[in-house]
Every structure is written in C-alpha cells, then in structure tokens.
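Worksheet: the structure to be examined is printed underneath.
Everything numeric in this text was worked out from a predicted model, so none of it was measured.
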2 protein chains.
Amino acid sequence: MADILPFHQERTREPEPLWRVVLGRNLRATREEQGSRLVDIAERAGISPQYLSEIERGRKEPSSEMIAAVTGALGVELGDLLADIAGEVRRRRATGPAVGRRPAGPVLMAA
Amino acid sequence: MADILPFHQERTREPEPLWRVVLGRNLRATREEQGSRLVDIAERAGISPQYLSEIERGRKEPSSEMIAAVTGALGVELGDLLADIAGEVRRRRATGPAVGRRPAGPVLMAA
DNA sequence: GTGGTTGTCCGCCAGGAGCGGAACCACGGT
DNA sequence: ACCGTGGTTCCGCTCCTGGCGGACAACCAC
C-alpha cells in the first residue's frame with residue numbers, strides 16, 4: 001500500500017498524550033483562570049492539597065468520583081471539561097506543543 | 001442574588017454522569033459501530049476480554065495507559081474520543097436520557 | 001444431546017489511590 | 001538575615017481496586 005502522508009497537514013507527529021496528563025493540565029488551567037488557590041479547591045472538593053497537586057501534574061489517576069469532586073469544586077460540568085480537553089488535545093495534535101498558552105477554560109455555568 | 005433559571009433551556013436536571021460510565025459507553029458504541037468483537041479489540045489492545053467488558057460497562061477505572069491501548073486498538077484518537085463523549089454528555093444533560101440512541105462514534109483516522 | 005460463538009461472573013493479589021506529616025522550593029516583603 | 005505565602009515533593013501508611021485467569025452464562029445451529 002502506498003503511504004502518502006500529506007506533509008502540509010502534519011508538521012510534527014505528536015504522540016498521543018495520556019488522559020491523566022491532559023486532565024490535570026486542564027484542571028490546573030481552569031483553576032488558575034478562576035484565580036483560585038490549590039488549597040481552596042482541594043478543601044472544597046474534600047481532598048488533600050497534596051493529592052490535588054499530584055492530580056494537576058498528571059501524577060495520579062483520580063477515580064471518577066474524585067474527578068466529579070474536583071470539577072464540582074471548580075463549578076464546571078463534566079461535559080464542558082471534556083469538550084475543552086478535547087479541543088486542547090486536537091490543537092496540540094495539529095500544531096505540536098503550544099508555544100504561547102492560549103487561555104483555556106471551560107464555560108462557567110451561571111448559577 | 002436573583003436566581004433566574006431559563007426554564008425553556010433546562011427541561012430535566014440530569015445528575016452528572018461518572019467519567020468511567022460515559023467512557024465505557026462510548027468505547028462500546030465505537031466498537032459496535034465498527035462491527036468489531038470484544039475479544040478482538042481486547043487482544044489488539046493487549047488486555048483480557050473480561051477486563052474490556054468491565055471497562056465498557058463502567059465497572060472499572062482503566063489507567064491512562066489502558067485507555068490509550070483500547071483507543072489505539074479501535075483506531076481512535078484520544079482527542080476525538082473525548083470530543084465525542086463531551087457531545088454525548090452535553091446532549092444527555094440537555095434532553096435527559098436518550099430514548100433513541102443517536103449513532104455515536106468518533107471520526108476514524110485515515111491511515 | 002452436541003458444538004460453536006460472544007460476552008459476563010467470580011475470586012484473587014500486587015500495587016496504586018489517597019492520605020497526613022514534614023520538609024523543601026520559589027517568590028515577595030521587611 | 002528574617003518572615004510570610006503558595007505550591008511541591010518526600011515519606012510511610014492503609015485500604016481497596018485494577019487487571020487477571022478460570023469458570024460460567026446466553027444464544028444459536030445441527
């Protein structure tokens with residue numbers, strides 16, 4: 001089979017990132033967008049600050065309930081979080097590692 | 001504070017689904033769309049069929065590497081998978097549990 | 001009954017989730 | 001130097017679950 005890769009579409013082939021890495025990256029970005037402190041979100045989520053730090057840095061695999069607790073503490077819906085992460089993953093796939101970080105945060109729900 | 005909720009936008013308030021549930025649901029839907037067998041995808045992913053069954057039914061929290069192995073076996077990119085799950089979560093949030101399942105599957109990559 | 005296919009149940013254990021205490025780092029101020 | 005703040009890392013710990021293999025279940029055809 002002929003493998004003709006459209007080079008003008010794929011500049012640099014990024015390996016697939018791991019879920020926990022992109023999740024953590026997005027959670028931190030969201031928190032920072034809100035100007036919240038790590039200890040505050042951790043407390044609101046009912047988890048230890050050490051653990052939230054590790055989640056944000058992609059060092060731990062949080063359970064689904066933990067993900068729910070942190071997104072809840074951030075006031076973010078799972079669907080919006082996933083959409084935002086998806087967008088980020090796709091963007092990095094197309095352009096490679098971001099040089100200038102684009103402000104990324106899911107849409108906040110109006111309470 | 002005045003809490004004015006636009007009722008015409010929110011018909012029924014669905015509790016947030018768990019990540020492992022929506023992930024598993026989407027993986028199974030994707031596999032079935034492709035007409036693949038569970039044992040084949042499990043083998044290709046290098047995991048046991050029993051385990052893939054449990055992942056698909058939202059019974060287990062797969063590690064990020066496992067998610068990568070399964071998406072790889074399905075020929076699906078993480079970003080596309082996440083986008084599709086996000087769309088599904090948002091759809092269910094807006095309309096409640098789906099009565100008729102809309103065909104849901106991420107876009108397959110052209111090799 | 002036989003056989004085949006596909007997927008799920010059950011028990012198991014190695015290792016990781018999640019924790020708390022303590023130390024460390026970076027930065028800013030006095 | 002000191003202090004404070006916010007975040008990170010290290011460490012040891014307990015508990016529980018990830019991922020597995022053997023067995024089972026459901027379904028179909030002959």
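- The distance between atom CD of B/Glu43 and atom C1' of C/dG7, rounded to the nearest whole Å, is 16 Å.
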Taking distance alone, no hydrogens or angles, what donor-acceptor pairs closer than 3.5 Å link side-chain atoms of residues 41-49 of chain B to residues at least two apart or in another chain?
{"unit_1": "B/Arg44", "atom_1": "NH1", "unit_2": "B/Ala73", "atom_2": "O", "d": "2.7"}
{"unit_1": "B/Ser48", "atom_1": "OG", "unit_2": "B/Tyr51", "atom_2": "N", "d": "3.1"}

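- With hydrogens and angles ignored, the 3.5 Å screen pairs no side-chain donor or acceptor of B/Glu77 with any backbone N or O of A/Glu16.
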> Do A/Ser64 and B/Val21 pass the side chain to side chain contact (heavy atoms under 4.5 Å, CB included) test, and can you show the C-alpha distance, the side-chain angles, and the key distance before you say yes or no?
Replying inline: CA-CA 9 Å; A/Ser64 302; B/Val21 172; over 6 Å; no

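- The base of D/dG22 lies close enough to the side chain of B/Gln50 for a donor and an acceptor atom to sit less than 3.5 Å apart.
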Are there any protein N/O atoms within less than 3.5 Å of an N/O atom in nucleotides 13-19 of chain D, and if so, which ones and at what distance?
{"unit_1": "D/dG18", "atom_1": "OP1", "unit_2": "B/Glu61", "atom_2": "N", "d": "3.4"}
{"unit_1": "D/dG18", "atom_1": "O5'", "unit_2": "B/Glu61", "atom_2": "O", "d": "3.4"}
{"unit_1": "D/dG18", "atom_1": "N7", "unit_2": "B/Lys60", "atom_2": "NZ", "d": "3.3"}
{"unit_1": "D/dG19", "atom_1": "OP1", "unit_2": "B/Ser63", "atom_2": "OG", "d": "3.1"}
{"unit_1": "D/dG19", "atom_1": "OP2", "unit_2": "B/Tyr51", "atom_2": "OH", "d": "2.1"}
{"unit_1": "D/dG19", "atom_1": "OP2", "unit_2": "B/Ser63", "atom_2": "N", "d": "3.1"}
{"unit_1": "D/dG19", "atom_1": "O5'", "unit_2": "B/Tyr51", "atom_2": "OH", "d": "3.2"}
{"unit_1": "D/dG19", "atom_1": "N7", "unit_2": "B/Lys60", "atom_2": "NZ", "d": "3.4"}

>> Using side chain to side chain contact (heavy atoms under 4.5 Å, CB included), reason through A/Leu23 and A/Leu81 one step at a time and then give a plain yes or no.
In response: CA-CA 9 Å; A/Leu23 170 67; A/Leu81 179 89; 3.9 Å; yes

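- B/Leu18 and B/Ile85 end up in different hydrophobic clusters when Ile, Leu, Val, Met, Phe, Trp and Tyr side chains are linked at under 4.5 Å.
- For the atom pair CH2 (A/Trp19) and OG1 (B/Thr71), the distance works out to 12.0 Å, reported to the nearest 0.5 Å.
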Quick test: give all pairs of protein nitrogen or oxygen and nucleotides 4-7 of chain D nitrogen or oxygen below 3.5 Å, distance rounded to 0.1 Å.
{"unit_1": "D/dG6", "atom_1": "OP1", "unit_2": "A/Arg37", "atom_2": "NH1", "d": "3.2"}
{"unit_1": "D/dG6", "atom_1": "OP2", "unit_2": "A/Arg37", "atom_2": "NH1", "d": "2.7"}
{"unit_1": "D/dG7", "atom_1": "OP1", "unit_2": "A/Arg31", "atom_2": "NH1", "d": "3.2"}
{"unit_1": "D/dG7", "atom_1": "OP1", "unit_2": "A/Leu38", "atom_2": "N", "d": "3.2"}
{"unit_1": "D/dG7", "atom_1": "OP2", "unit_2": "A/Leu38", "atom_2": "N", "d": "3.1"}

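- Atom-to-atom, CG of B/Leu52 to C1' of C/dC9 comes out at 16 Å; the value is rounded to the nearest Å.
- Under a 4.0 Å N-O distance rule, the pair B/Arg20/B/Glu54 does not qualify as a salt bridge.
- Comment: B/Arg25 does not engage B/Glu88 in a salt bridge, judged by the lack of any side-chain N to carboxylate O separation of less than 4.0 angstrom.
- Rounded to an integer number of Å, the gap from B/Glu32 CD to C/dG7 C1' is 11 Å.
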